[in-house]
Amino acid sequence: MFHSVSSKVNFPQVEENILNFWRNNSVFERSVESRRGSPRFVLYEGPPTANGSPGIHHVLSRVFKDIIPRYKAMKGYYTPRIAGWDTHGLPVELEVERGLSFSGKAQIEEYGVDRFNTRCRESVFGYLKEWEAMTERIAFWVDLKHPYITMDNKYIETVWWAIKQMWDKGLVYQGYKVTPHCPRCGTSLSSHEVALGYQDDVEDPSVYIKFKVLPSLALESPEQKKLNELLLDKNKPTYLLAWTTTPWTLPGNTALAVAADAEYAVVEVDDEYLILASALLEQVGLENYKVVERVWGDDLEYLEYEPLFNPHRYGVERRHMSSGLPLQEPVRDLTYSVIDTGFVSLEEGTGIVHIAPAYGEVDFEAGLGKELDFVHMVDLQGIITGNYPFSGKFVKDADPLILDDLKARGLLYRSETIRHTYPFCWRCETPLLYYAKQTWYIKTTAVKEGLIAGNDEINWYPEHIKYGRFGDWLENNVDWAFSRERYWGTPLNIWRCESCGRYECIGSVEELKGKTGFTGLKEPLDLHRPFVDELTFDCPECGAKMRRAPEVIDCWFDSGAMPLAQWHYPFENDTLLEDGRFPADYICEAVDQTRGWFYSLHAISTLLFNHPCFKNVICLGHILDVKGEKMSKAKGNVVEPWAVINKHGADALRWYCFTASPPGNVRRFSEKSVAEITRRFLLTLWNVYSFFVTYANIDRFTPDAEATLSFQSELDKWIISELNQLIIDVDTALDGYNPTEAGRKIESFVNDLSNWYVRRSRRRFWKSENDADKLSAYATLYECLVTLSKLLAPFIPFLAEELYQNLVGSVFPEAPDSVHLADFPVSDVTKIDKKLEADTRLVMRVASLGRAARSQAGIKVRQPLAHVVVSVASSNERRSLERLKPQILEELNVKNLEFIDSVAELDKPGYMVSSEGNCAVAIPTEISPELASEGLAREVVHRLQIMRRLAGFDIAEYIVTYYQGEAYMRKVMEDFADYIKQETLSRQLIEGLPGEGAFTESFKLGGYDILLGVKRLG
RNA sequence: GGGCCAUUAGCUCAGUUGGUUAGAGCGCAGUCCUGAUAAGACUGAGGUCUGUGGUUCGAGCCCACAAUGGCCCA
């Protein structure tokens, strides 16, 4: 006996019970261990940070991470899955800073790095319990008891090892480079972080500045000489007109750039001359002034001008951009010159570009190329240094003061504002400053070819990411700025000699401890700041003290090193690269990880081994709200996963994730869709299951593993054929990392099973004799349900388990006690009959048309008709229908099936035709008295069935039926007595008043009055 | 400014290598069926397949350009 199954079901409750079963019986662990020794299938879990509640998008990625390993396990692979937690980085620090109401690094230092990092350490697991609960509840099977954690000493040590490998290959360098810098967080941002924070429509100054040109002796060409004559005119000074949107960089100006091959005009404006590109005269509004001279850009080269702010006058250092940036002596009458560069735009501005090497990437490059001066007058907090009138101000606040100063000196030609796109810090929304400073880099550009070649071997789903978003990113690779001037992170493992400046990279704790003069160690060892900062040793060159560089490393490096660091490679598990644990077969994250984790994994793996570390990747689209807008706390449109799970269950949410839309697309999430999934799919499946169990128990059906289904009807053969085809389809789709297609195929099968197989087989299940046909029906439906439970196990592990345990567990004690320990079904291709499948589709079509004809004629299906007339495209189809004739007769409640050659023959009085394409079906509209009586008998049966249910009788319970009515009705009751008795499980039909305790009702059927009563037997 | 993705019924989505009259589910209106009943069937309304060109005997599908939305980059 199966345990009884109500058609009413509370999925979340069923799921909770199954969770308990899995927990109490270590089913996950056993599902892994039972396949030990088989080939491995490796999933890398991209570590989330548990310092906030998991969102619906985390559910999406976690169920996609789950389904493939579950499938592979059932296919026999050994597939341990290790959880991981990302614990370092700016997001964590910012969360802690927020909690402490800090506004910058100074407060952290004051508070103490020790205490601050302790807070970070606590914060990263603030929501661990909730993450673990959610992970378990949605049945993401992963080993939560032994996770890798990026802040563990062992994890850090592997990261150190990895950096040391790169160091030894000469791939780590310290560059004086302009990087996007967040003045609030006090650190550089990597290019992928910058990408997160662009804002449109930012209002900034748009100003035109005049740079006073000085006469020169060095000018030689005729044009230059003419120019010089103008410059010698003491009454009319000459200015180069330049344009900028960042006035605060003007004190750092050390050159002006022109385009050598562009034409420039000298315009006489009132009592001064202005120089700018001819092409931009109109745009700047100078087209109506007199052009006194036209020259080429290269004539302007080497022209000297007065700096707007002589750095020496304002107490700011001036360095020279030759090797080592040597400090320059004060010069009273400092001049700068015009240079030619390739990047001067003639689309906007003036065609003369202000160059401040400290504050722009191209400016810096130009500075290196032309050996310009380097003037840096802003500190790391974005505050102007020196003794300018605007010193001490934040750069953006200094902008208007700088402009006032220039205006007072007559050097501001025009001041406006523009709206453009500007990058902001993705965490704290402070405008980023492009800022020259020393940063540690990994020379990823050295392995660019390897990155691209490695990508060729990776399967991306969807495919377009491969050579689209990811491929483009690799093609445009720049070196990885991987150091951060922060506190909570893997400390950079580079030590520097205080005296001679020698650097050394340390690759392990052992190596560090073995250094001559090593000191500062406190037990227990904690590799984090500030303790690691205390670890010093002697410089092997000069004997002075070696101190650690103050930076920590980008947390993306942490997570990207997980293939090795989760195993503490190479300090432990040194066979990792050969024993199948590397590379991963599968990873899965959302599309924002293209430049995040996907990249850091790929880069580190390529740098170390010149080999990709993942073979297949599903790249998920983002989840939007029901209106297609991004979910955000501010908008209040964030969907809380627990609410959905508690109401509809995890399986419903999982099935939604897999089948609702292609995984790579953006998806609009609504709870309504999950509710629809439940109705459309889960309840349909449940109803079939409940139907089966109800009747199987009545008939004491016991499946026999050895039995051959030799008595199968055409209907049975058909659904078994569809089932075996389904196994192939699902297997193929999952093997190709396409759960969506696989799930949709299952949906379609369940629909056929419910709405054709079960509907057409119902009478076979409730007829009284236990004959071969009935057994065949049970065995067939049983096989479908058991196979479905296995096919569905990776998708909806709870419901699959419920089906399996009841259908298999209660009958076959020797079978695995969980569907997740079972093997994936194998298709028996000999049972696939394509002809029968096509023929059955045709029958369905004819039945559908027949019902349509009945509907149009207004004749109930309950009313039997003499025949149905069908016209089909070919004699083949006619033969097919002949073969499956019983299905049509029963479905349409007709006595006979007739064929005609052409639709035209049907178009006559007395018939109602319905057609589609080459197929037409007609029913007679005349009903003989005999058929009318039979129809009435069926009507009586129908009413009695409803009464049985209303009276609360059991499905299999026998009753006595009473009736009283007009003569015609009495005759119907007598003529069809056997039929009525059989259908309604009535032992007797008694004419007369219903007995004591009977449930009675009276009806008017076909115009005749009748009183009916039903009563339990004794 | 550049790149990628999407755009098919009110909503969510299918739509094979280009080939009859573009489909499903939900929702809506109506009818039916029902011992799976918190299901099911049928009918109806609802589509210029985002637009404009092009290739072709034939385009929802291929090409070009554009629009809208989303994402990424500068």
Side-chain angles (χ1 to χ4, degrees), chain A residues 5-10 191-192 194-196 198 345 347-348 361 420-423 462 464-473 475-476 590-592 594-596 619 621-622 624 626-630 656 659-662 664-670 672-673 675-681 683-695 698 740-741 744 747-748 751 754-756 758-759 761-763 765-766 844 847-856 858-863 891 893 914 916-918 938 941-942 944-950 953-957 983-985:
Chain A
V5 176
S6 164
S7 62
K8 293 183 174 56
V9 58
N10 179 343
S191 47
H192 31 274
V194 176
L196 297 170
Y198 278 93
S345 160
E347 310 270 301
E348 59 176 9
E361 220 169 324
H420 63 164
T421 308
Y422 195 83
H464 63 80
I465 304 283
K466 181 171 184 167
Y467 295 118
R469 201 166 278 203
F470 195 69
D472 286 346
W473 172 246
E475 292 287 345
N476 298 310
V591 66
D592 53 290
T594 309
R595 288 157 171 82
C619 189
H622 286 130
L624 305 177
V626 68
K627 289 182 219 145
E629 288 175 16
K630 205 170 175 172
Y656 164 84
T659 61
S661 60
N665 290 7
V666 292
R667 67 175 77 208
R668 295 182 177 199
F669 182 87
S670 69
K672 223 176 110 190
S673 320
E676 192 191 319
I677 291 281
T678 307
R679 276 203 312 280
R680 188 183 74 205
F681 178 65
L683 280 175
T684 306
L685 178 63
W686 187 268
N687 281 332
V688 174
Y689 164 58
S690 158
F691 174 90
F692 170 81
V693 169
T694 302
Y695 287 98
I698 289 172
T740 306
E741 191 185 317
R744 285 174 173 175
E747 248 179 36
S748 161
N751 192 53
S754 169
N755 289 331
W756 193 256
V758 172
R759 193 168 89 230
S761 299
R762 255 186 301 214
R763 303 193 69 79
F765 292 103
W766 73 61
M844 290 175 174
S848 173
L849 289 168
R851 283 192 302 261
R854 271 183 172 274
S855 177
Q856 279 158 36
I859 300 171
K860 299 172 176 183
V861 178
R862 212 182 286 134
Q863 176 60 57
E891 179 69 15
N893 192 18
S914 183
E916 184 190 78
N918 288 325
R938 283 193 64 153
V941 166
H942 169 55
L944 286 171
Q945 304 285 35
I946 292 174
M947 289 170 66
R948 280 186 60 113
R949 199 168 27 167
L950 288 172
F953 299 164
D954 191 79
I955 287 178
E957 200 167 2
E983 290 292 311
T984 61
L985 299 186

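Throughout, protein chains are lettered first and strands after them, A, B, ... in sequence-line order, and every chain is numbered starting at 1.
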Q.
Does a side-chain N or O of Arg668(A) approach OP1 or OP2 of U12(B) to a distance below 4.0 Å, or not?
A. yes

Q: Name the residue closer to the 5' end of RNA chain B, choosing between Thr659(A) and Ile946(A) according to the nucleotide with the nearest heavy atom.
A: Thr659(A)

Q: Give Arg680(A) one of three labels, base, sugar-phosphate or nothing, depending on what nucleic acid heavy atoms sit under 4.0 Å from its own.
A: sugar-phosphate

Q.
Can you check the distance between A66(B) and C4(B), where both ends of the measurement are the P atom (answer in whole Å)?
A. 13 Å

Q. Looking at the side chain of Asn665(A), which of C13(B), C5(B), C72(B) is the nearest nucleotide?
A. C5(B)

Q.
Can you tell me if Arg762(A) touches the phosphate of A36(B), counting only side-chain N or O atoms and a distance under 4.0 Å to OP1 or OP2?
A. yes

Q | G23(B) versus C49(B) - spacing of their C1' atoms, nearest Å | A | 12 Å

Q) Gln863(A) has an atom CD; how far is it from atom C1' of C32(B), in whole Å? A) 14 Å

Q. Heavy-atom distance under 4.5 Å between the side chains of Thr659(A) and Ile677(A), does that happen here?
A. yes

Q) Can any side-chain N or O of Arg668(A) pair as donor or acceptor with the backbone N or O of Leu624(A) at less than 3.5 Å? A) no

(Q) If I pick the P atom on C61(B) and the same atom on G70(B), what distance separates them, to the nearest angstrom? (A) 25 Å

Q.
Side chain of Glu676(A), heavy atoms from C-beta onward: which of G27(B), G25(B), A36(B) has the nearest atom to it?
A. G25(B)

Q: For C71(B) versus U52(B), give the span between their C1' atoms, rounded off to a whole number of Å.
A: 26 Å

Q: Could you tell me which nucleotide pairs with C4(B) by Watson-Crick or G-U wobble geometry, both distances under 3.5 Å, or answer none if nothing does?
A: G70(B)

**Q.** Tyr467(A) OH - C4(B) C1' separation (whole Å)
**A.** 16 Å

(Q) Please report the distance separating the C1' of G47(B) from the corresponding atom of C13(B), rounded so that it comes out in whole Å. (A) 15 Å

Q: Identify the nucleotide, in any strand shown, that forms a Watson-Crick or G-U wobble pair with C32(B), with both distances under 3.5 Å; if there is none, say none.
A: G40(B)

(Q) Would you measure the distance from the P atom in A14(B) across to the matching atom in U8(B) and give it in whole Å? (A) 11 Å

Q) Nearest to the side chain of Val688(A), which nucleotide is it out of A36(B), G3(B), C5(B)? A) A36(B)

Q. Does any nucleotide pair with U12(B) by Watson-Crick or G-U wobble geometry, both distances under 3.5 Å, and what is it?
A. A24(B)

Q: Using Watson-Crick or G-U wobble geometry with both distances below 3.5 Å, tell me the partner of G19(B), or none.
A: C57(B)

**Q.** For C65(B), the Watson-Crick or wobble counterpart (both distances under 3.5 Å)
**A.** G51(B)

Q. Any side-chain heavy-atom pair from Trp686(A) and Val5(A) closer than 4.5 angstrom?
A. yes

Q | Nucleotide G40(B), atom C1' - distance to CG of Asn687(A) in whole Å | A | 10 Å

Q: Please check the phosphate of A14(B) (OP1 and OP2 only) for any side-chain N or O of Arg744(A) closer than 4.0 Å.
A: yes

Q | Contact under 4.0 Å: Ser848(A) side-chain N or O vs C42(B) OP1/OP2 | A | yes

(Q) Show the nearest heavy-atom pair for residues Arg667(A) and Pro662(A), with the distance to one decimal. (A) NH2-O, 4.4 Å

**Q.** Donor/acceptor link under 3.5 angstrom from Ser754(A) side chain onto base of A36(B)
**A.** yes

Q | Considering all heavy atoms, the nearest Phe765(A)-Tyr695(A) contact | A | O-CD2, 4.2 Å

Q. Nearest-Å distance, CD1 (Ile859(A)) to P (C33(B))?
A. 12 Å

(Q) For the P atoms, the ones on G53(B) and on A59(B), what distance do you get once it is rounded to whole angstrom? (A) 14 Å

**Q.** Lys8(A) side-chain N/O to A38(B) phosphate OP1/OP2 under 4.0 Å
**A.** yes

Q: Assign Tyr695(A) to base, sugar-phosphate, or nothing according to its heavy-atom contacts below 4.0 angstrom with the strands shown.
A: sugar-phosphate

Q: Could you state the atom-to-atom distance from CD of Glu741(A) to P of U16(B) in whole Å?
A: 12 Å

Q | Asn755(A) vs A41(B): side-chain N/O to OP1/OP2 distance below 4.0 Å | A | yes

Q: Kindly indicate whether the side chain of Leu985(A), heavy atoms from C-beta on, has any atom under 4.5 Å from the side chain of Glu957(A).
A: no

Q) Quick one: is C42(B) close enough that its OP1 or OP2 comes under 4.0 Å of any side-chain N or O from Arg851(A)? A) yes

Q) Where the side chain of Arg759(A) is concerned, which of A6(B), C72(B), G40(B) is the nearest nucleotide? A) G40(B)

Q | Candidate nucleotides C33(B), A38(B), A39(B), ranked by approach to the side chain of Leu683(A) - the nearest | A | A38(B)

Q | Sugar-phosphate only, base, or nothing, as touched by Asp954(A) at under 4.0 Å among non-hydrogen atoms | A | base

Q.
Heavy-atom nearest nucleotide on RNA chain B for His464(A) versus Arg667(A): which residue maps closer to 5'?
A. His464(A)

**Q.** Flag side-chain contact, heavy atom, 4.5 Å: Cys619(A) against Pro462(A)
**A.** yes

(Q) I'd like to know if the side chain of Asn687(A) and the backbone of Leu683(A) have a donor-acceptor N/O pair within less than 3.5 Å. (A) yes

Q. When the distance from OH of Tyr689(A) to C1' of A39(B) is rounded to whole Å, what number comes out?
A. 18 Å

Q) So, are Glu891(A) and Arg759(A) salt-bridged, with charged N and O less than 4.0 Å apart? A) yes

Q: Assign Ser673(A) to base, sugar-phosphate, or nothing according to its heavy-atom contacts below 4.0 angstrom with the strands shown.
A: nothing

Q.
Any strand counts, and the cut-off is 3.5 Å on both contacts for Watson-Crick or G-U wobble. Which nucleotide pairs with A45(B)?
A. none

(Q) What's Val758(A) touching, base or sugar-phosphate or nothing? Going by heavy atoms closer than 4.0 Å. (A) base

Q | Rounded interatomic separation in angstrom, taking CG from Asp592(A) and P from C71(B) | A | 11 Å

Q. Given C71(B), A14(B), C4(B), which nucleotide is nearest the side-chain atoms of Pro662(A)?
A. A14(B)

Q | Value in whole Å for how far the P atom of G40(B) lies from CZ of Arg854(A) | A | 22 Å

Q) On a whole-Å scale, what distance lies between the C1' atoms belonging to G51(B) and U43(B)? A) 35 Å

